[in-house]
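Step one of this worksheet: look at the structure below.
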Amino acid sequence: MNIDPVKALEGKVERLGKDLKALDSRLENAQTDAAHEQLGLSNQLKDTTRKLGRTNDRVTELAESVHRLERLLVALNRKVRAGETRKADFGNWPEIEKKELAKIFQGQEAYSRKTFTPQEAKDTRKAIAEYDRRAHEAIEAAESLTHLPANAESLWRKHYKQWHAITDKHRPEVPDDDTHAKDTAAKSAGNEAIKRTRQQIRARIEDAVANDLLFPAWFENAMGPAAPPGRADDWLYTATDVVLYRLLHDVTSPADALGPAPAEDGHRKTLYDRLVSECAEYRRP
Amino acid sequence: MAADPFARLADRQQSLRTALRALQAAGPGSPDFPALLTTTNDEVEAVMQARRDVEAARLTTPNRAIAAGTTAAALIVAVGWFDAWSLLSLLVAVATAASVLVDPAGRRLWEPRARTTVITAALAATLLTPLLHGWATLITAAGIAWWAWRTQR
């Protein structure tokens, strides 16, 4: 123990200073640790967030596939419950006569045929009259070529030119007066026939749906196992058109509902494209 | 087929008459009118060709004679009325005369008479050269243009 109070005080101050330093360093250490820990924590948090996002996506996918499965299951369930799964026949249509199909084809032809307006018919008639007059003149010119003397060069030239006025021309087709009326009749007959045929086909499809019949393979490939909920009417409309398409164009493939795509443009091609896109929509989850 | 061009022309005209009769009988509205028109057109072409042969037979000698005359006249004018500027006209005329001498009738439909025209123009140009000097070339040039125009059509 020091007797000198000043010395004792100094010793105390020195000890206190040492304590202070030790505290300082401990504080610093603690701060660094805390910073480290915070960084680690935030990294973990980020990781977890990312994982959560991925899981979310996956859950959405799974939900969709569950939805798909659900629809399949419903269809299957109904068919199994129906016991003896009778098959729906969409291939034979004895009640739709060949005559009806012919009417439909004629209507389609009438729609695709270019119709003469009365003005066009008049113009064509005028052109024909002009051609006939020219032909008459040309024949007369050629007639005079048969008895011209050889040295009348200017006459030869004139008649030769007149003859050639016709050789590079074509006589237009005579417009048919009745074309317009006939086409109108064919169009309305075709529309009627399509309407009747559609009704018959739709009735049979509805019957198959109502009796839980097993659809043919091509039908299910194209239209899916059952109507999507809430859109039964659209689905039936498309299904009717698919069957009608097969019937009209003699597609008999057991698996491919529409057969190969038609090469040339026209009614068939339009219908084909429409049906392909509509069917793809019904098969989507 | 007759060897004589005049007889052949008469022959062709006769068969054209037959073809025309068939064409007239059919009328423009009938379905075989286009086919008949094609055959008749062939007959017309044959008649035109026969007439060209007649013309060629008729004009070969005159064309040759005029061409020879042009050459001779050009020589005389060149010597008698010598002028450097006139030589252009004489040379063009002699060149034309040479081509007509080699082939007096040509092959195209209207060529025999066109060749007569051009060689006549060349002769006139040669005879007028003492008066017009080099400007007479224009007459020959006009003749050549006429010839080309007739031949191309």
Side-chain angles (χ1 to χ4, degrees), chain A residues 109 113-180 182, chain B residues 4-59 62 108-117 149-150 153:
Chain A
E109 260 171 45
R113 195 166 25 236
K114 186 186 169 301
T115 50
F116 277 112
T117 62
Q119 185 58 41
E120 273 173 339
K122 210 169 149 193
D123 289 347
T124 315
R125 266 199 210 89
K126 240 187 225 166
I128 289 174
E130 173 70 12
Y131 180 90
D132 287 358
R133 194 180 59 74
R134 285 255 182 107
H136 187 67
E137 276 178 12
I139 288 172
E140 274 192 353
E143 193 81 61
S144 56
L145 285 184
T146 61
H147 48 68
L148 272 182
N151 55 0
E153 172 141 328
S154 62
L155 279 178
W156 278 92
R157 291 180 70 84
K158 189 180 138 205
H159 291 311
Y160 184 59
K161 208 170 153 192
Q162 217 163 26
W163 165 255
H164 266 296
I166 192 156
T167 49
D168 48 0
K169 286 213 173 54
H170 288 284
R171 194 172 195 261
E173 290 286 321
V174 185
D176 192 350
D177 272 337
D178 304 340
T179 310
H180 196 70
K182 260 194 295 192
Chain B
D4 176 22
F6 289 92
R8 197 159 65 212
L9 175 60
D11 229 38
R12 293 292 192 198
Q13 283 179 321
Q14 185 56 44
S15 51
L16 173 60
R17 220 167 281 147
T18 321
L20 274 174
R21 212 154 293 147
L23 189 66
Q24 260 170 339
S30 83
D32 45 354
F33 186 75
L36 284 173
L37 195 66
T38 314
T39 41
T40 314
N41 190 39
D42 292 345
E43 291 292 342
V44 167
E45 295 297 339
V47 165
M48 295 309 289
Q49 198 59 38
R51 191 204 76 95
R52 190 215 78 94
D53 292 345
V54 169
E55 285 274 288
R58 206 165 59 82
L59 292 173
R108 304 298 192 90
L109 221 50
W110 310 106
E111 218 171 344
R113 191 152 304 188
R115 281 184 185 242
T116 311
T117 312
W149 179 59
R150 272 292 159 94
R153 273 161 18 111

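Note on naming: letters A, B, ... go to the chains in the order of the sequence lines (proteins, then strands), and numbering restarts at 1 for each one.
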Bottom line for B/Phe6: the part with an atom under 4.5 Å from chain A's heavy atoms is neither
For a quick check, list the donor-acceptor atom pairs closer than 3.5 Å between chain A and chain B, or say none.
from     : atom 1 : to       : atom 2 : distance (Å)
A/Leu145 : O      : B/Gln13  : NE2    : 2.7
A/Thr146 : O      : B/Gln13  : NE2    : 3.4
A/Thr146 : O      : B/Arg17  : NH2    : 2.7
A/Thr146 : OG1    : B/Arg17  : NE     : 3.4
A/Ala150 : O      : B/Arg51  : NH1    : 2.8
A/Asn151 : O      : B/Arg113 : NH2    : 3.0
A/Glu153 : OE1    : B/Arg51  : NH2    : 3.4
A/Glu153 : OE2    : B/Arg150 : NH1    : 3.4
A/Tyr160 : OH     : B/Glu45  : OE1    : 2.9
A/Tyr160 : OH     : B/Glu45  : OE2    : 2.9
A/Trp163 : NE1    : B/Asn41  : OD1    : 2.8
A/His164 : NE2    : B/Glu45  : OE2    : 3.0
A/Arg171 : NE     : B/Pro28  : O      : 3.4

Side chain from CB out, backbone as N, CA, C, O: work out which of these in B/Leu59 comes under 4.5 Å of a heavy atom of chain A, or both, or neither. neither
Is it the backbone or the side chain of B/Leu9 that comes under 4.5 Å from a heavy atom of chain A, or both, or neither? side chain
As an exercise, state the distance from CD1 of A/Ile139 to CG of B/Leu23, rounded to the nearest 0.5 Å. 4.0 Å
For A/Ala142 and B/Val44, the nearest pair of non-hydrogen atoms, with its separation, is CB-CG2, 4.4 Å
